[in-house]
Amino acid sequence: MWDPMTSGLEAFLVASAIGFALRSYFGKPKLPHGVQYAPGPTPLPVLGNALAVDASAPWVTYKQWGSQYGDLVYFRLFGQDNIVINSEKIARDLLETRSQNYSDRPEIVTNQLFGADYNTAFMRYNSRWRLQRKMLHQSFRQDAVISFRPMQAAKTHELLLNLLEDPAGYVKHLEVHSGSIIMAAVYSYEASRRNDYLIGLVKETLDVVLKELRPEIAAIFGAFPFLLRLPAWFPGMRLKRVAPLARRLGVETVEQPFAHTEKGLATGTVSPCMVADHLQEIDDDDNDSAWQKKALKESAATAYGAGTETTAGVLMNFVLAMILYPEIQEKAHDLIEKVVGTKRLPTFEDRASLTYIDAIFRECLRWRPMFPLAIMHAAVESDVYNGHYIPKGVTITPNVWAMCQNEEKYPNPDTFNPDRFLNPDGTLTNDTVSIAWGFGRRICPGRYLAEGSLWSAMTCILAVYKFSNAKDETGKEIEIEPKWHGGITMRPVDFPCSITPRNAGMDFQALQDLIKVSV
Ligand code: HEM
């Protein structure tokens with residue numbers, strides 16, 4: 001159930017907001033004839049439908065509402081209009097076919113407090129966003145990311161070495177793998193294989209910010225921004241106490257890696273990367289060069305934040321699935337051995353012959369979508385869809401999780417089954433699970449980069465290692481009870497696991513030799 005911070009803040013909120021909420025509750029516009037709000041649960045004054053939402057997994061509540069009210073559900077959160085979309089068709093009709101009206105984001109007032117208002121992903125649909133989006137697209141579009149493949153392969157090889165040296169620290173190694181690829185692609189920054197300072201700094205920032213900027217907290221402050229004027233000592237205002245630290249870390253995260261690339265450009269020591277490529281194109285004599293540089297700095301920092309946790313989270317789901325479904329792991333390993341042999345590691349050139357690995361990759365995206373609710377969109381103007389009124393400014397939440405659970409499209413959706421993406425002749429189906437990357441003009445611009453990082457890591461890991469349940473001190477297998485974190489992303493809660501090389505004679509030197517012959 002909804003968990004609205006501490007009771008002190010809740011009491012204050014309720015007492016001071018009643019007038020506002022009643023006004024907005026009864027102040028709905030008169031609708032044209034034959035047009036109605038989409039069906040949905042009856043809201044309470046002030047809180048709207050907040051109490052009915054399971055804060056740890058709102059996508060489940062929204063799917064239940066879908067079965068009750070239909071695929072387009074209208075509801076209220078603290079006096080704010082909300083619509084949840086449970087079907088892929090409606091999401092595409094609105095967020096893609098009518099994308100000019102649905103590419104905005106709701107205002108998230110807490111972002112400014114946390115110094116996170118530079119973030120492309122949460123930015124309103126305006127010229128600042130457009131410029132940042134253009135820069136991200138130019139660097140990470142499908143044909144541009146091919147140039148990052150040798151770097152991605154090298155980072156995968158480092159991951160293999162880390163897993164051999166320290167299998168118990170596998171979660172950290174997956175994060176370093178994802179983070180170091182993005183740091184290289186964005187800043188031409190060569191992260192150390194272990195304990196890298198900049199990777200650590202950005203992770204610390206994300207940990208602080210993501211813990212406090214939970215969607216339900218943002219919703220409360222979004223509806224009642226005046227609460228942000230309460231002093232930091234007021235009960236429930238923890239986020240104001242943490243904000244100065246988050247702001248300081250945020251500035252360091254934006255500035256430090258950027259300074260690294262600027263310095264490298266001056267000394268001629270950087271390779272092509274997002275920041276270097278764009279900096280070289282910005283003409284300092286141009287009137288808006290400062291504006292362009294700022295956009296570059298901000299979109300670059302966004303890419304790191306948006307790409308690290310997510311890519312590592314998908315790899316965690318992959319490891320989990322391989323342990324829960326050992327027969328799939330074996331089948332994948334045997335296929336790799338058949339196609340690649342044991343004398344070298346798989347490379348991107350093998351991809352076309354390893355369709356089963358792509359099927360596993362797609363099933364990882366579908367089985368537990370990393371962004372179960374994508375990122376909220378917002379309507380620029382009011383609209384009507386199938387006779388349903390969509391108010392201007394309404395927050396639109398695509399329930400990607402419900403779309404991935406669609407039993408008609410994906411029978412037995414809770415079962416991890418890569419075969420659903422294969423035709424009878426072994427070729428891949430047309431379903432690339434694009435919904436896992438979001439919709440329309442806001443679709444993830446890093447998807448092609450992430451895809452390469454994930455494919456490379458999954459394939460090489462399957463070639464070299466076997467994942468199984470960890471054992472306790474008596475040698476008994478430790479059962480995994482899979483659990484996932486709530487919040488904007490759905491990462492598995494850390495679980496113990498055993499990672500052993502397939503080849504019993506594989507030591508550090510042997511692995512290094514294998515890597516050497518594979519590049
Ligand atoms: C497996 C990894 C990833 C997943 C599952 C993922 C998924 C998503 C999703 C669902 C969205 C929201 C789309 C929407 O609003 O409709 C998004 C936005 C975004 N992603 Fe990714 N992403 C991943 C990796 C990356 C990487 C590697 C980068 C950067 C290189 C990146 C950069 C961004 C940015 C900048 C946005 C905001 C786009 C905007 O608002 O215009 N993501 N991503």
Side-chain angles (χ1 to χ4, degrees), residues 59 85 88 91-92 94-96 99 102-106 108 111 118-126 128-141 144-145 148 152 155 174-175 177-187 202 273-275 295-296 298-318 361-362 364-378 395-401 403-404 432-455 457-458 488-491:
W59 41 91
I85 302 175
E88 189 174 333
R92 294 202 187 284
L94 293 180
L95 308 182
E96 298 192 336
S99 60
Y102 291 99
S103 299
D104 204 0
R105 300 280 196 218
I108 302 179
N111 275 354
Y118 69 82
N119 196 307
T120 324
F122 300 112
M123 209 166 269
R124 303 293 303 269
Y125 186 50
N126 53 27
R128 187 179 173 201
W129 169 79
R130 252 178 226 108
L131 179 57
Q132 298 199 8
R133 175 87 200 184
K134 190 167 138 209
M135 290 173 163
L136 286 158
H137 171 74
Q138 281 169 348
S139 296
F140 301 122
R141 59 178 200 269
V145 296
F148 294 124
Q152 285 172 304
K155 299 298 176 192
L174 297 179
E175 282 168 356
H177 171 258
S178 306
S180 59
I181 287 178
I182 296 175
M183 289 300 263
V186 174
Y187 298 108
V202 187
C273 65
M274 176 183 173
V275 170
L296 179 58
E298 296 183 338
S299 50
T302 301
Y304 186 92
T308 306
E309 281 259 320
T310 44
T311 314
V314 175
L315 286 177
M316 282 210 39
N317 274 326
F318 160 74
F361 163 67
R362 291 181 189 186
C364 285
L365 294 181
R366 184 209 66 86
W367 183 54
R368 296 294 179 252
M370 197 39 54
F371 281 90
L373 299 175
I375 298 178
M376 293 170 288
H377 289 227
T395 297
I396 310 254
T397 302
N399 191 351
V400 174
W401 181 80
M403 297 172 206
C404 290
T432 57
V433 202
S434 73
I435 49 177
W437 306 104
F439 300 92
R441 296 182 193 185
R442 303 302 292 235
I443 194 171
C444 175
R447 61 197 184 283
Y448 301 114
L449 182 75
E451 194 181 307
S453 308
L454 289 165
W455 187 88
M458 288 177 183
I488 188 162
T489 57
M490 189 180 178
R491 249 179 93 115

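Computed over heavy atoms, backbone and side chain alike; hydrogens, waters and symmetry mates excluded. Both counts, for ligands and for their atoms, begin at 1 and track the order of listing.
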- Task: Taking the six-membered ring of Tyr118 (Phe, Tyr or Trp), confirm whether the NZ or CZ of Arg128 is under 6.0 Å from its centre and within 45° of its axis.
- Result: no
- Message: Check this for me - ligand 1, Trp129, N or O atoms closer than 3.5 angstrom, yes or no?
- Response: yes
- Message: Check contact between Arg105 and ligand 1, using heavy atoms of the residue and a distance below 4.0 angstrom.
- Response: yes
- Task: Could you pull out the closest heavy-atom pair between Arg105 and Ala121, with the gap in Å?
- Result: NE-O, 2.6 Å
- Query: Are side-chain N/O atoms of Ser99 and Arg441 paired as donor and acceptor at under 3.5 Å?
  - Reply: yes
- Note on the structure: Value for CZ (Phe361) from CZ (Arg366), rounded to nearest 0.5 Å, stands at 14.0 Å
- Query: Is there side-chain contact between Arg442 and Ile375, with heavy atoms separated by less than 4.5 Å?
  - Reply: no
- With only distance considered, is Phe439 within less than 3.5 Å of ligand 1 through an N or O on each side? yes
- Query: Does the salt bridge (Lys or Arg N to Asp or Glu O under 4.0 Å) test come out yes or no for Arg92 and Glu88, once each step is laid out?
  - Reply: CA-CA 6 Å; Arg92 294 202 187 284; Glu88 189 174 333; 3.1 Å; yes
- Task: Begin from the C-alpha positions of Ser178 and Thr311 and carry the test side chain to side chain donor-acceptor pair (under 3.5 Å) through to its verdict.
- Result: CA-CA 6 Å; Ser178 306; Thr311 314; 4.7 Å; no
- Examine the proximity of ligand 1 to Ile375 and report which part, side chain or backbone, both or neither, has a heavy atom under 4.0 Å away. both
- Query: How about Leu365 and Pro369: do any of their side-chain heavy atoms sit closer than 4.5 Å?
  - Reply: no
- Determine whether any heavy atom of His377 lies closer than 4.0 Å to an atom of ligand 1. yes
- Message: Please list the nearest protein heavy atom to atom 13 (C) of ligand 1 with its residue and the distance rounded to 0.1 Å.
- Response: Arg442 O, 3.1 Å
- So the atoms of ligand 1 within less than 4.0 Å of a heavy atom of Thr120 turn out to be 40 (O)
- Query: Around atom 21 (Fe) of ligand 1, what protein N, O or S atoms are found below 2.8 Å?
  - Reply: Cys444 SG
- Query: When you measure from atom 29 (C) of ligand 1 to each heavy atom in Gly440, Ser453, Ser178, Ala303, which option holds the nearest one?
  - Reply: Ala303
- Message: Is it true that Ser299 and Gln132 share a donor-acceptor pair across their side chains at a distance under 3.5 Å?
- Response: no
- Message: Arg441 versus ligand 1: do any nitrogen or oxygen atoms come within less than 3.5 Å of each other?
- Response: no
- For Lys155 and Ser180 the tightest heavy-atom approach is CD-OG, 3.5 Å
- Query: Of the listed options (Ile435, Leu95, Leu136), which comes nearest to atom 35 (C) of ligand 1 when hydrogens are ignored and any heavy atom counts?
  - Reply: Leu136
- Message: Taking Asn317's backbone N and O only, do any of them form a donor-acceptor pair with Arg368's side chain (distance below 3.5 Å, no angle check)?
- Response: no
- How long is the gap from CD1 on Ile182 to CD on Gln152, to the nearest 0.5 Å? 9.5 Å
- Show which atoms of ligand 1 fall inside a sub-4.0 Å distance from at least one heavy-atom site of Arg133. 38 (C), 39 (C), 41 (O)
- Message: Tell me whether Thr302 has any N or O atom under 3.5 angstrom from an N or O of ligand 1.
- Response: no
- Short list, please: which atoms of ligand 1 are under 4.0 Å from a heavy atom of Val314? 1 (C)
